[in-house]
Participant: 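The structure that follows is given in the form of structure tokens.
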Amino acid sequence: MKGLKKKRRIQVILVAFVALATSTALIGYAMRDGINYFRAPSAVVAEPPASRETFRIGGLVEEGTLVRGQGETITFSVTDGGASVPVSYTGVLPDLFGEGQGMVGTGNLVDGVFVATEILARHDETYMPKEVVDALKDQGVYRHAEGEEGGS
């Protein structure tokens with residue numbers, strides 16, 4: 001009788017371990033394409049990611065680089081003050097998108113050009129994504145906007 005209880009306990013522990021390992025593997029598999037790392041333009045220039053890697057890039061739209069091409073294709077450069085990365089986007093830009101404004105894009109780096117699938121622009125006069133602010137502060141080019149509360 002004692003041996004049967006011990007055997008059952010070991011079986012339950014093994015089944016629980018297999019279920020935990022399986023659920024962890026399934027969660028990791030489901031999230032593999034859902035995680036996009038943020039990179040500043042300086043980091044992209046220093047260590048270009050693989051062309052199949054989807055990531056987010058953010059900074060300021062460089063003055064004088066916004067070019068509207070044929071159809072819905074738009075090209076511009078994004079900078080953090082230390083480096084610039086050319087961006088190509090096909091689609092409709094947000095209303096508040098413009099030169100000198102903060103932006104975050106999601107996409108891939110193809111032959112040195114960031115091909116964006118999504119572009120986000122700031123939503124009011126003072127908002128800028130935290131990642132962009134941190135990258136600009138690291139480069140020493142962050143300008144504190146009026147009405148913006150001092151933070152980290």
Side-chain angles (χ1 to χ4, degrees), residues 1-62 72-98 101-145 147-152:
M1 197 65 149
K2 244 183 188 177
L4 185 60
K5 284 184 179 182
K6 187 175 183 179
K7 193 174 186 180
R8 282 278 183 227
R9 193 174 299 143
I10 290 173
Q11 288 174 342
V12 168
I13 290 172
L14 286 175
V15 167
F17 178 75
V18 169
L20 180 64
T22 303
S23 64
T24 302
L26 288 173
I27 290 170
Y29 180 76
M31 291 181 64
R32 76 188 185 289
D33 291 332
I35 297 174
N36 298 324
Y37 295 103
F38 177 84
R39 289 187 168 87
S42 295
V44 172
V45 169
E47 294 180 37
S51 62
R52 60 182 167 72
E53 180 184 346
T54 300
F55 65 98
R56 294 181 346 171
I57 190 169
L60 299 175
V61 178
E62 198 167 14
E72 296 179 342
T73 301
I74 297 105
T75 59
F76 58 93
S77 291
V78 63
T79 184
D80 60 1
S84 294
V85 174
V87 177
S88 174
Y89 176 68
T90 301
V92 179
L93 289 170
D95 291 338
L96 296 173
F97 184 87
Q101 304 295 323
M103 61 77 60
V104 173
T106 304
N108 305 70
L109 192 67
V110 179
D111 297 327
V113 176
F114 182 77
V115 180
T117 56
E118 179 183 32
I119 298 286
L120 303 174
R122 64 187 196 162
H123 71 277
D124 69 12
E125 295 176 2
T126 60
Y127 174 76
M128 192 177 297
K130 181 181 182 323
E131 295 93 344
V132 174
V133 171
D134 291 344
L136 292 173
K137 283 181 180 178
D138 289 345
Q139 294 296 322
V141 296
Y142 177 71
R143 296 178 305 214
H144 193 69
E148 185 178 348
E149 294 182 20
S152 54

Participant: How close do Val78 and Val87 get, counting heavy atoms only, and between which atoms?
Facilitator: CG1-CG2, 3.8 Å

Participant: Quick one: does any side-chain atom of Asn108 pair with a main-chain N or O of Val110 as donor and acceptor, under 3.5 Å?
Facilitator: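 No; zero donor-acceptor contacts below 3.5 Å.
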
Participant: Give the minimum heavy-atom separation between Pro49 and Val44, together with the two atoms involved.
Facilitator: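 Taking every non-hydrogen atom into account, CD-CG1, 4.3 Å.
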
Participant: Could you grab the distance from atom CZ of Phe76 to atom CD1 of Ile119, nearest 0.5 Å is fine?
Facilitator: 4.0 Å

Participant: Do Leu120 and Pro94 have side chains that get closer than 4.5 Å, going by heavy atoms?
Facilitator: no

Participant: What's the spacing between Thr54 OG1 and Leu109 CG if we round to 0.5 Å?
Facilitator: 11.5 Å

Participant: Please give me the minimum heavy-atom distance between Val61 and Gly98, naming the atom from each residue.
Facilitator: CB-O, 3.4 Å

Participant: Could you tell me if the ring centre of Tyr89 sits under 6.0 Å from that of Phe97?
Facilitator: no

Participant: What pair of heavy atoms forms the shortest contact from Ala83 to Pro41, and how long is it?
Facilitator: O-CB, 3.5 Å

Participant: Would you check if the side chain of Thr117 reaches a backbone N or O of Thr106 as a donor-acceptor pair within less than 3.5 Å?
Facilitator: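 Pair found, side chain donor or acceptor close to backbone of Thr106.
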
Participant: Report yes if the side chains of Thr75 and Pro86 come closer than 4.5 Å at any heavy-atom pair, otherwise no.
Facilitator: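 When only atoms from C-beta onward are counted, Pro86 and Thr75 do not touch, as no gap falls below 4.5 Å.
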
Participant: Look up atom CD in Glu72 and atom OG1 in Thr90, then write down how far apart they are to the nearest 0.5 Å.
Facilitator: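 The CD atom of Glu72 sits 7.5 Å away from the OG1 atom of Thr90.
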
Participant: I need the minimum non-hydrogen distance between Gly91 and Ile74, along with the two atoms involved.
Facilitator: O-CD1, 3.4 Å

Participant: I'd like to check Gln11 versus Arg8 (side-chain heavy atoms, cut-off strictly below 4.5 Å). Are they in contact?
Facilitator: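 Yes, at least one pair of side-chain atoms sits under 4.5 Å.
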
